[in-house]
J.: 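Pasting a structure here, questions to come.
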Amino acid sequence: MKIGNINPRWFMFSVLFLFMCLSHESHVCFAVDTISTNQSLSGNQTIVSAGGVFELGFFRPGNSSNYYIGTWYKKVSRFTPVWVANREKPVHDIYSSVLKIYDGNLVLFNESRVPIWSTNVSSGPAISSSVVAVLLDDGNLVLRDGLNSISSTILWQSFDHPTDTWLPGSKLRFNKRTNQSQRIISWRSHDDPAPGLFSFEIDPAETNQVSLVWNRSQFYWFSGAWDPQTMSFSLVPEMRMASLSNSTYNFSYFSEENESYFLYYFYNSSTTAKLFMDVSGQLQQMSWLEDMEQWMVQFSQPRQQCGVYALCGAFGSCNEISLSFCNCLTGFQPASQQNWNQQVYSDGCVRKTKLRCSDAGVDVGTGDRFLESRNTIFPTHPQNMMAVSSLECKSTCLKNCSCTAYAFENNQCSIWIGDLLNLQQLGQDDTIGKVLYIKLTADSESSSKNKKKVIVIAIAVSTGLLLLGLMMFIIMKLRRRTIIGPELGKGSLVAFGYKDLQKTTKNFSEKIGKGGFGSVFKGTLPDRSVVAVKKLEGINQGEKQFRTEVRTIGKINHVNLVRLRGFCYEGSRKLLVYDFMPKGSLDRHLFRAKDSEPLDWKTRYQIALGAARGLAYLHDNCVDSIIHCDIKPENILLDVDNCPKLSDFGLAKLLGREFSRVLTTMRGTVGYLAPEWISGVAITPKADVYSFGMMLLELVSGKRNFEPTNDKEGGTFFPVWAARQVTEGVCVLKLLDSRLNGNADLEEVSRICKVACWCIQDNEIHRPSMSQVVQILEGFFDVSLPPMPRFLGEIINDRSTDFSSPI
Ligand SMILES: *[C@@H]1O[C@H](CO)[C@@H](O)[C@H](O)[C@H]1NC(C)=O
Ligand SMILES: *[C@@H]1O[C@H](CO)[C@@H](O)[C@H](O)[C@H]1NC(C)=O
Ligand SMILES: *[C@@H]1O[C@H](CO)[C@@H](O)[C@H](O)[C@H]1NC(C)=O
Ligand SMILES: *[C@@H]1O[C@H](CO)[C@@H](O)[C@H](O)[C@H]1NC(C)=O
Ligand SMILES: *[C@@H]1O[C@H](CO)[C@@H](O)[C@H](O)[C@H]1NC(C)=O
Ligand SMILES: *[C@@H]1O[C@H](CO)[C@@H](O)[C@H](O)[C@H]1NC(C)=O
Ligand SMILES: *[C@@H]1O[C@H](CO)[C@@H](O)[C@H](O)[C@H]1NC(C)=O
Ligand SMILES: *[C@@H]1O[C@H](CO)[C@@H](O)[C@H](O)[C@H]1NC(C)=O
Ligand SMILES: *[C@@H]1O[C@H](CO)[C@@H](O)[C@H](O)[C@H]1NC(C)=O
Ligand SMILES: *[C@@H]1O[C@H](CO)[C@@H](O)[C@H](O)[C@H]1NC(C)=O
Ligand SMILES: *[C@@H]1O[C@H](CO)[C@@H](O)[C@H](O)[C@H]1NC(C)=O
Ligand SMILES: *[C@@H]1O[C@H](CO)[C@@H](O)[C@H](O)[C@H]1NC(C)=O
């Protein structure tokens with residue numbers, strides 16, 4: 001058949017159609033945005049909104065074998081559902097389940113042709129024969145009269161029935177007639193969209209604020225009242241910046257006769273971002289970064305993961321120190337190991353051994369003991385008891401079988417009945433923790449009665465382990481060969497075996513640091529060179545991607561960047577091996593050298609310049625510009641000659657989502673985060689420039705930015721005060737570390753302060769690039785007086801903003 005015989009229009013259409021269908025891997029598409037009366041959707045068919053933004057069809061979340069009808073972003077390469085129809089009633093066979101218009105409604109029929117989900121609206125018989133369902137470009141699925149598409153009223157819309165995501169353009173409502181709030185409810189786990197424990201809603205008591213609620217009843221976070229003047233919530237100062245500059249989103253509140261609601265949208269309609277209730281109990285705003293092909297968390301509330309009510313469930317303990325937030329108390333184990341592995345902790349923990357107390361016939365209290373838990377924040381709902389001594393308090397708890405813990409503090413006896421919720425374990429340097437005694441069975445682990453059994457088991461287990469070890473050994477040998485093989489000779493990056501690194505670090509015995517990404521250990525390679533081995537925690541990245549990223553990092557070579565020597569990837573073990581920097585990180589010398597000599601001015605200036613050069617290299621001279629994302633004194637290491645070297649570059653991409661989680665949850669980091677991290681625009685190298693500016697101020701002052709100044713200024717956020725001094729052209733020697741006694745080049749201090757102030761401008765367009773910063777610091781360029789950064793300026797008027805806490 002010649003092409004000439006084919007109607008060219010039809011030909012174009014079919015090519016287009018084919019193209020559209022090929023562009024999505026797993027779904028044969030309908031190439032329409034509508035399900036009309038006589039159509040149905042089944043199997044791998046989908047509909048796509050007119051502008052190709054959203055797609056609707058059957059999907060299977062994570063590893064689940066269940067299928068759901070839902071909508072997701074069509075253009076986002078990481079599958080992200082935003083709405084689910086049949087949250088609680090999955091289907092298993094998508095080819096015999098259908099979604100269709102039936103009797104004026106959109107109805108999902110399962111394998112047995114039973115309707116399991118419906119839009120469930122009644123429309124008059126006149127309309128019901130022409131009803132259509134249309135997926136719009138804002139993600140709204142609308143049911144309306146198909147005959148009159150423009151003026152027809154909406155019969156039903158998915159925006160009125162959100163699941164865990166609040167999309168731009170949809171209303172978050174409070175119905176004044178019924179006093180009911182619309183709830184946005186988290187998924188139960190990453191692969192179960194059924195309603196979970198955490199929800200987000202307008203506070204029924206104060207309808208101009210939103211709150212987070214646990215199990216529909218326990219409120220655990222409040223936004224504070226909506227302030228129409230600043231277009232932000234009183235307890236979310238981050239929003240003020242975005243609202244002030246009118247640059248990203250427009251968030252507004254409406255109070256009408258029958259309802260009040262919040263509404264937001266992005267000025268740039270190509271912004272892909274969403275607010276949603278995460279399974280972790282945090283309200284998060286995420287933006288899709290096309291370049292990095294991942295979602296970045298830009299805002300999460302409560303800011304501290306442990307601030308989520310009952311995050312770790314019953315008998316779980318929460319901590320902000322390690323990457324896994326929840327642990328079971330000693331003597332307890334996760335109720336669901338599977339969920340626990342997926343970082344969904346709300347099922348909590350169960351006893352490994354039942355309390356003796358509940359056994360009939362056992363004398364009350366004889367079989368149980370208490371485990372001392374130091375430095376804890378107490379669980380919620382204690383009951384105060386009359387007791388004059390710790391001993392009496394203990395016996396009160398022993399006598400009552402429902403008592404699970406006691407504490408005796410300040411002559412006050414408290415006991416806990418039933419599940420322990422919200423227990424928090426603090427780090428060693430926190431001093432506000434108290435001692436809690438948790439009831440356990442006396443024989444939970446080592447009972448003489450069971451000794452024989454234990455021995456038998458021990459023999460069996462050790463034999464098993466031996467065999468297993470032997471097998472592992474053989475497997476590792478094989479694996480290592482395959483891993484090291486292709487890597488050698490290809491540049492200088494070495495693929496280490498885990499065992500080698502174990503030996504190198506003397507079984508990880510000398511810990512030299514701990515950051516958000518894991519612990520760092522000192523080691524010595526066979527060639528005597530000293531290395532720092534970083535054990536990465538909490539990455540679930542595939543080997544291929546990991547190696548690609550690591551290879552990119554490995555190719556980077558600059559005198560102001562810490563050299564990556566090699567890596568290890570064995571199953572869950574992922575390590576990076578760097579050159580060792582004997583003097584450690586800059587923060588140690590700036591803030592912690594109370595007893596030793598403070599860094600002199602010349603050294604500080606060289607550190608600023610070197611760090612700027614390293615960063616400029618990352619931004620400009622690498623094949624793909626690398627955004628560091630985490631510039632702070634902790635990530636600037638010093639070699640023997642005090643030459644600064646940036647560390648942890650490239651990890652943002654390597655760690656993906658985990659990285660942004662770390663960024664938003666780690667203490668203190670927020671002081672370095674550029675406003676665009678919280679306002680929702682794409683992150684560019686200018687975000688690093690901002691953090692660099694913040695760090696410069698610390699370098700000059702020798703103090704943490706968030707430490708209150710000793711000034712009369714009354715604990716103002718230091719950068720605000722500093723920026724004001726600089727913009728007003730006041731003598732900048734005031735900003736200089738007092739330990740230097742004014743021993744500094746005034747010209748240089750002034751230059752560095754002005755650059756810092758330019759770097760922390762709200763609008764990234766006003767910030768210099770890193771190569772400009774280098775040139776200014778080198779003295780090639782003069783720098784004019786910067787304007788006051790507006791966002792910081794706002795904070796000055798708001799003493800309630802507490803930057804000393806990790807917001
Ligand atoms: C979609 O389903 C059809 C059968 O209904 C099947 O032939 C086709 O391979 C499926 N496509 C994909 C990508 O699974
Ligand atoms: C649907 O099919 C019925 C009968 O098969 C037909 O009468 C009706 O016009 C069709 N409706 C539409 C909207 O195509
Ligand atoms: C799915 O299961 C595999 C193997 O059990 C596991 O490695 C993977 O992390 C799981 N993925 C999710 C999203 O749970
Ligand atoms: C379809 O749904 C009905 C009602 O929920 C249920 O009884 C039936 O078992 C389901 N069919 C299949 C094949 O799951
Ligand atoms: C539709 O709504 C009615 C009451 O409003 C309810 O009884 C019925 O179960 C609902 N049907 C479905 C499929 O949700
Ligand atoms: C809703 O709450 C208001 C004030 O709290 C009260 O006056 C009103 O009666 C309530 N309405 C309903 C339907 O509960
Ligand atoms: C949530 O509340 C319901 C009652 O409203 C209760 O039955 C259920 O046990 C609670 N869930 C948890 C995890 O405490
Ligand atoms: C932001 O928008 C408001 C209202 O439209 C306007 O009054 C204000 O001047 C704008 N601010 C900026 C910085 O553009
Ligand atoms: C923001 O949205 C509100 C309501 O939709 C509108 O009145 C206001 O003018 C918008 N502000 C800007 C700056 O577009
Ligand atoms: C509020 O509800 C009443 C009764 O349903 C209705 O008459 C009125 O028009 C509604 N007001 C608005 C602004 O929609
Ligand atoms: C909107 O966002 C896109 C993608 O992030 C960007 O390319 C475009 O320049 C932006 N448009 C405006 C007007 O800022
Ligand atoms: C245990 O203590 C609780 C709270 O004081 C009390 O309600 C309960 O009755 C006591 N149980 C027993 C068996 O004494």
J.: Hydrogens and angles aside, do N400 and S402 bring a side-chain donor and acceptor to less than 3.5 Å of each other?
T.: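 Side-chain D/A pair, N400 to S402: present.
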J.: I'd like to know if the side chain of Q182 reaches the main chain of R173, judged simply by a donor and an acceptor atom lying under 3.5 Å from each other, with no hydrogens or angles considered.
T.: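 Yes; judged by distance alone, with no hydrogens or angles, the pair exists.
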J.: Give a yes or no on whether the backbone of F276 and the side-chain of Q285 come within a donor-acceptor separation of less than 3.5 Å.
T.: no
J.: Is the centre of the F315 ring less than 6.0 Å from the centre of the W416 ring?
T.: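 Here the rings of W416 and F315 have centres that are no less than 6.0 Å from each other.
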J.: Quick one: does T376's side chain have a donor or acceptor within less than 3.5 Å of a partner on K434's backbone?
T.: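 The answer is yes, because a donor-acceptor pair under 3.5 Å joins these two groups.
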J.: Kindly check if the number of other-residue, nucleotide or ligand heavy atoms within 6.0 Å of CZ (R374) is above 12?
T.: no
J.: Only one of I184, I185, D164 passes side-chain contact (heavy atoms from CB on, under 4.5 Å) with F200; say which it is.
T.: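 With F200 as partner, side-chain contact (heavy atoms from CB on, under 4.5 Å) holds for just one option, I184.
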J.: Give, for atom OG of S211 and atom CD of E201, the distance between the pair rounded to the nearest 0.5 Å.
T.: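 The distance works out to 5.5 Å.
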J.: Should the pair F370 and Y406 be assigned to parallel (<30°), tilted (30 to 60°) or perpendicular (>60°) ring geometry?
T.: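 Rings of F370 and Y406: perpendicular, over 60°.
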J.: What's the shortest heavy-atom distance between L212 and G281, and which atoms?
T.: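 In this case the closest contact between L212 and G281 is CD1-O, 4.0 Å.
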J.: Just to verify, which of Q343, Q337, Q338 counts as forming a side chain to side chain donor-acceptor pair (under 3.5 Å) with N341?
T.: Q337
J.: What's the separation between atom NZ in K394 and atom NZ in K439, rounded to the nearest 0.5 Å?
T.: 11.5 Å
J.: Over all heavy atoms of both residues, which pair between R87 and P193 is shortest? Give the atoms and the distance, please.
T.: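 Heavy atoms of R87 and P193 come nearest at NE-O, 2.6 Å.
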J.: Just by modelled atom types, is the F521 backbone N or O under 3.5 Å from a matching donor or acceptor in the E510 side chain?
T.: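 It does not hold such a pair.
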J.: Between C349 and C312, is the SG gap short of 2.5 Å?
T.: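 Judged by the SG atoms alone, which are 2.5 Å or more apart, C312 and C349 are not bridged.
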J.: Please report the interatomic distance CE(M386) to SG(C413), rounded to the nearest 0.5 Å.
T.: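 Nearest 0.5 Å value for the CE-SG distance: 10.5 Å.
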J.: With a 4.0 Å cut-off on N to O distance, would you call K534 and D648 a salt bridge?
T.: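 Looking at D648 together with K534, the answer is yes, because their closest N to O distance falls below 4.0 Å.
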J.: Has S223 got a side-chain atom pairing as donor or acceptor with Q209's backbone, closer than 3.5 angstrom?
T.: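 No: the side chain of S223 does not pair with the backbone of Q209.
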J.: Would you confirm whether Q284, through its side chain, and D278, through its main-chain N or O, come within 3.5 Å as a donor-acceptor pair?
T.: no
J.: Nearest 0.5 angstrom please: F325 CZ to S317 OG, how far?
T.: 12.5 Å
J.: Answer yes if the ring centres of F198 and Y345 are under 6.0 angstrom apart, and no otherwise.
T.: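 When the ring centroids of F198 and Y345 are compared, they turn out to be at least 6.0 Å apart.
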J.: Only counting residues at least two apart or in another chain, list the ones meeting ring-ring contact (aromatic ring centres under 6.0 Å, His included) with W221.
T.: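 W221 satisfies ring-ring contact (aromatic ring centres under 6.0 Å, His included) with no other residue.
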J.: Do T396 side-chain atoms and E392 backbone N/O form a donor-acceptor pair below 3.5 Å?
T.: yes
J.: Between atom CD of Q218 and atom CG of L421, what is the distance when rounded to the nearest 0.5 Å?
T.: 9.0 Å
J.: Where is the tightest heavy-atom contact between V84 and T163, given as atom of each residue plus distance?
T.: O-CG2, 3.1 Å
J.: How close do S414 and N384 get, counting heavy atoms only, and between which atoms?
T.: OG-OD1, 3.5 Å
J.: Are the sulfur (SG) atoms of C326 and C318 separated by under 2.5 Å?
T.: no
J.: Among all residues two or more places apart in sequence or in another chain, which pass the ring-ring contact (aromatic ring centres under 6.0 Å, His included) test with F262?
T.: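 Testing F262 for ring-ring contact (aromatic ring centres under 6.0 Å, His included), a comparison that skips the adjacent residues, returns W226, F233, Y253.
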J.: Could you tell me which residues satisfy side-chain hydrogen bond (donor to acceptor under 3.5 Å, both in side chains) with S390, sequence neighbours excluded, listed by chain and number?
T.: none
J.: Output yes when a side-chain donor or acceptor of K274 lies under 3.5 Å from a complementary backbone atom of V82, and no otherwise.
T.: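 Not at all, since once roles are kept as given, no pair shorter than 3.5 Å links the two residues.
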J.: What heavy-atom pair brings L311 and S280 nearest, and what distance separates the two atoms?
T.: CD1-O, 3.2 Å
J.: State whether the side chain of N422 and the backbone N or O of A310 hold a donor-acceptor pair below 3.5 Å, judged by distance alone.
T.: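 Yes, because the side chain of N422 sits within donor-acceptor range (under 3.5 Å) of the backbone of A310.
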J.: Ignoring hydrogens and geometry, is there a side-chain-to-backbone donor-acceptor pair from E206 to A225 under 3.5 Å?
T.: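 Pair absent, no side-chain N/O of E206 close to backbone of A225.
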J.: How far does CG of D419 sit from OG1 of T404, to the nearest 0.5 angstrom?
T.: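 Going from CG on D419 over to OG1 on T404, the span is 7.5 Å.
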J.: Minimum heavy-atom separation for N66 and P90, please, with both atom names.
T.: CB-CB, 3.3 Å
J.: Does a salt bridge link E634 with R704, judged by any charged N lying under 4.0 Å from a carboxylate O?
T.: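 So E634 pairs with R704 through a salt bridge.
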J.: Hydrogens and angles aside, do N215 and S217 bring a side-chain donor and acceptor to less than 3.5 Å of each other?
T.: no
